[in-house]
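Some notes on the structure that comes next.
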Number of protein chains: 2
Amino acid sequence: MVATQTVDTRYSKPVLVAVNTLADDENGLQPLRNHALFKSLSNADLQSLIAQSRRLRLGHHQLLYRQDMPAHHFFFVISGRLRLYRLDSSGVDRTLDSIAPGDCFAEVMIYADPARYACYAEALKSSEILMIPVKAYQELLDTNPEYAHAALRHYAMRAVSRFHDLEVMTVQNARDRLIRYLIDLLPNGATEGGEVELPLPKCLVASRLAMQPETFSRILADLKSNGLVRVNRSKVFISDPKRLIEISQ
Amino acid sequence: MVATQTVDTRYSKPVLVAVNTLADDENGLQPLRNHALFKSLSNADLQSLIAQSRRLRLGHHQLLYRQDMPAHHFFFVISGRLRLYRLDSSGVDRTLDSIAPGDCFAEVMIYADPARYACYAEALKSSEILMIPVKAYQELLDTNPEYAHAALRHYAMRAVSRFHDLEVMTVQNARDRLIRYLIDLLPNGATEGGEVELPLPKCLVASRLAMQPETFSRILADLKSNGLVRVNRSKVFISDPKRLIEISQ
DNA sequence: CTCCCCACTTGCTGCAAGTCAACCCGAGAA
DNA sequence: TTCTCGGGTTGACTTGCAGCAAGTGGGGAG
């Protein structure tokens, strides 16, 4: 069942999306069960939540919501990839986060007041997401204290990780910020090397790290020529993270 | 009733604090009632929580906790001021936040797992804080769903404001970051001018904004000579925030 | 296949910010 | 009072990063 709807018409350039109701289609939603926000839900409650949700398909560069739009939904990424960004007064676009399949975003809106999106969200490639009404989840929280615990745990983790991001951004020079960023992408916390995939195109990683794309490119070329990394498109191979860390002092 | 105790002995330089149990002394705790985390508590529950808490007095530059210390408490500031910071591998100290009376901090630990402090915390001047056992608050959350709602609302606000901080740090040049910081200190969101007090000594504001103290000083001097601000010790008077914003493009 | 397009790279130049050092000045101690 | 100390400012110099512009190369459209 596929329809087309306008998510919000009060803003310029209405966002058009293909919609797929889920009551009759629960395939591909296993990952939901693995997410902290849904893991503890009873089957019945999860079904009910899914029934009230919509599955959206977003195309490359398609905008999902705008900053300051009233927020009635939060989102779960089934496939694809999105990014969160803001625009400053001069129209410069500053990337704040990237979202992978299995992640939630804008979930903070479940309790924010006033409930308005804090940034823009757009698909980086063709993506499928679940659009969950904030109200439905809120009501669920009331029915079982354990659900609230799960939500609190999730929020706490989020807060810690944002705090961590903030720390990286107080690193003063561009090279060290980039190194910190790469290290943080390593799954096993710098204990051993490995290949990491940049979650964003290079020019957006640059924006995320408060530097110009050219600077990003030059620093990476420099690390490469020093044998610290090997780069293949969006994949960066880090042989010796320890050495990388001591380079950054 | 005043005693002295060692907060944690497993780390070098044990932190010594003067302790004042609160069962018999509830004075000066009105501000607790105004904080989102405690506002909705019943009198009995609040009393019980206070009874399980300790009032600490910290001296100038006294360390309250270290990064990665196991976290069994979170804190409410009664008077004074604290700062949160991290140390990188080369020992450089990077300020992440400042805490004023009436604020909570490390409250994210109520639900973090593993529960370890994400940063260092030290008093910037003589301060009085309430040290609340995480476990006591957790247990309270179980007794009343409304308490969990309050906590979730609070966490959501925190997340939004950290997100905002992150955005400021992606501003590329030092002058604009400083301007954004000053604007954010204005109580009424840049609609009208006013005098703001820097919540940290200038050299720490500089660290918070990822710049050198000299750069901070020069930028402020420049804004001053352009008539955009007037500076008196730690107070900055902003006559026309609109103009300041357009300067920063 | 060819062409174009877009993401990225590279070279060059200038400016913003870091570094090092000297100096200032107010607060507190002697 | 004078001395010292610490936070802050200023100056001279150096450097890292940005800005612009030209070049490269892979992928998709036709």
Side-chain angles (χ1 to χ4, degrees), chain A residues 59-61 81 83 88 90-95 98 122 124-126 169-179 181 197-226 229-236 247-249, chain B residues 59-61 81 83 88 90 92-95 98 122 124-126 169-181 197-226 229-236 247-249:
Chain A
H60 185 55
H61 278 164
R81 189 170 286 275
R83 73 165 177 132
D88 63 21
S90 58
V92 177
D93 160 333
R94 296 206 306 282
T95 300
S98 67
E122 71 161 21
L124 289 171
K125 50 181 168 181
S126 172
M169 295 310 290
T170 61
V171 173
Q172 299 205 3
N173 75 70
R175 156 184 292 247
D176 294 354
R177 282 201 303 281
L178 173 50
I179 290 178
Y181 184 79
E197 170 131 36
L198 298 176
L200 296 162
K202 290 176 181 173
C203 63
L204 295 180
V205 175
S207 139
R208 176 56 238 281
L209 294 175
M211 67 183 78
Q212 295 303 314
E214 295 95 327
T215 304
F216 178 91
S217 175
R218 280 188 265 259
I219 292 173
L220 207 56
D222 185 64
L223 294 179
K224 204 160 40 174
S225 76
N226 289 347
V229 301
R230 271 178 292 139
V231 182
N232 182 338
R233 310 196 112 302
S234 72
K235 300 217 202 309
V236 180
I247 294 293
S248 79
Q249 302 286 2
Chain B
H60 185 56
H61 278 162
R81 189 169 286 274
R83 73 167 178 131
D88 63 19
S90 58
V92 177
D93 160 332
R94 298 209 303 284
T95 299
S98 67
E122 70 160 23
L124 289 170
K125 49 181 168 179
S126 173
M169 295 310 290
T170 62
V171 173
Q172 298 204 6
N173 75 71
R175 157 184 290 247
D176 294 354
R177 281 201 303 280
L178 172 50
I179 290 177
R180 284 289 307 264
Y181 184 79
E197 169 131 34
L198 298 176
L200 295 163
K202 292 177 181 174
C203 63
L204 295 180
V205 175
S207 142
R208 175 58 237 281
L209 294 175
M211 66 183 76
Q212 296 301 317
E214 295 95 328
T215 304
F216 178 91
S217 174
R218 280 189 263 259
I219 293 173
L220 207 58
D222 185 64
L223 293 178
K224 203 161 43 177
S225 77
N226 288 348
V229 301
R230 272 177 290 139
V231 183
N232 181 337
R233 310 195 115 302
S234 72
K235 300 213 200 313
V236 179
I247 294 293
S248 77
Q249 301 285 1

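In what follows, every chain begins at residue 1, and chains take the letters A, B, ... in the order their sequences are listed.
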TODO: Would you mind reading off the bend of the helix from C:dC1-D:dG30 to C:dA30-D:dT1 from its two end axes, five pairs each, to 10 degrees?
DONE: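 End axes: 30° apart.
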Task: Pairing residues for A:Glu214 by the salt bridge (charged side-chain N to carboxylate O under 4.0 Å, His left out) criterion, not counting sequence neighbours - done: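 For A:Glu214 there are no salt bridge (charged side-chain N to carboxylate O under 4.0 Å, His left out) partners, ignoring immediate neighbours.
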Open item on the list: Holding to salt bridge (charged side-chain N to carboxylate O under 4.0 Å, His left out), I want the full list of residues that pass it with A:Arg94, two or more places apart in sequence or in another chain.
Closed with: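 So A:Arg94 forms a salt bridge (charged side-chain N to carboxylate O under 4.0 Å, His left out) with A:Asp88, B:Glu167.
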Task: Rounded distance in Å - NZ (B:Lys202) to P (D:dG6) - done: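 About 19 Å, once rounded to whole Å.
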- [ ] Report the distance from atom CG of B:Leu204 to atom C1' of D:dG6, rounded to the nearest whole Å.
- [x]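 The distance from CG of B:Leu204 to C1' of D:dG6 comes to 13 Å, rounded to the nearest Å.
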Residues two or more places apart in sequence or in another chain: which of them pass side-chain hydrogen bond (donor to acceptor under 3.5 Å, both in side chains) with [X]?
X: B:Ser98; result: none
X: A:Arg175; result: A:Asp222
X: B:Ser234; result: B:Glu197
X: B:Asn173; result: B:Asp176

Open item on the list: Within the 4.0 Å limit for protein heavy atoms, which parts of nucleotides 15-30 of chain D are touched? Write it as a string from 5' to 3', B for base, S for sugar-phosphate only, - for none.
Closed with: --SSBB-----SS---
Open item on the list: Reading DNA chain C from 5' to 3', where do the contacts with chain B start and stop? Cut-off is 4.0 Å to heavy atoms.
Closed with: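 The contacted stretch runs from C:dA17 to C:dG26.
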TODO: Provide the full list of side-chain hydrogen bond (donor to acceptor under 3.5 Å, both in side chains) pairs with a residue in residues 199-213 of chain A, sequence neighbours left out, each pair given once.
DONE: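 Matches after skipping sequence neighbours: A:Thr95-A:Ser207, A:Gln212-B:Gln172.
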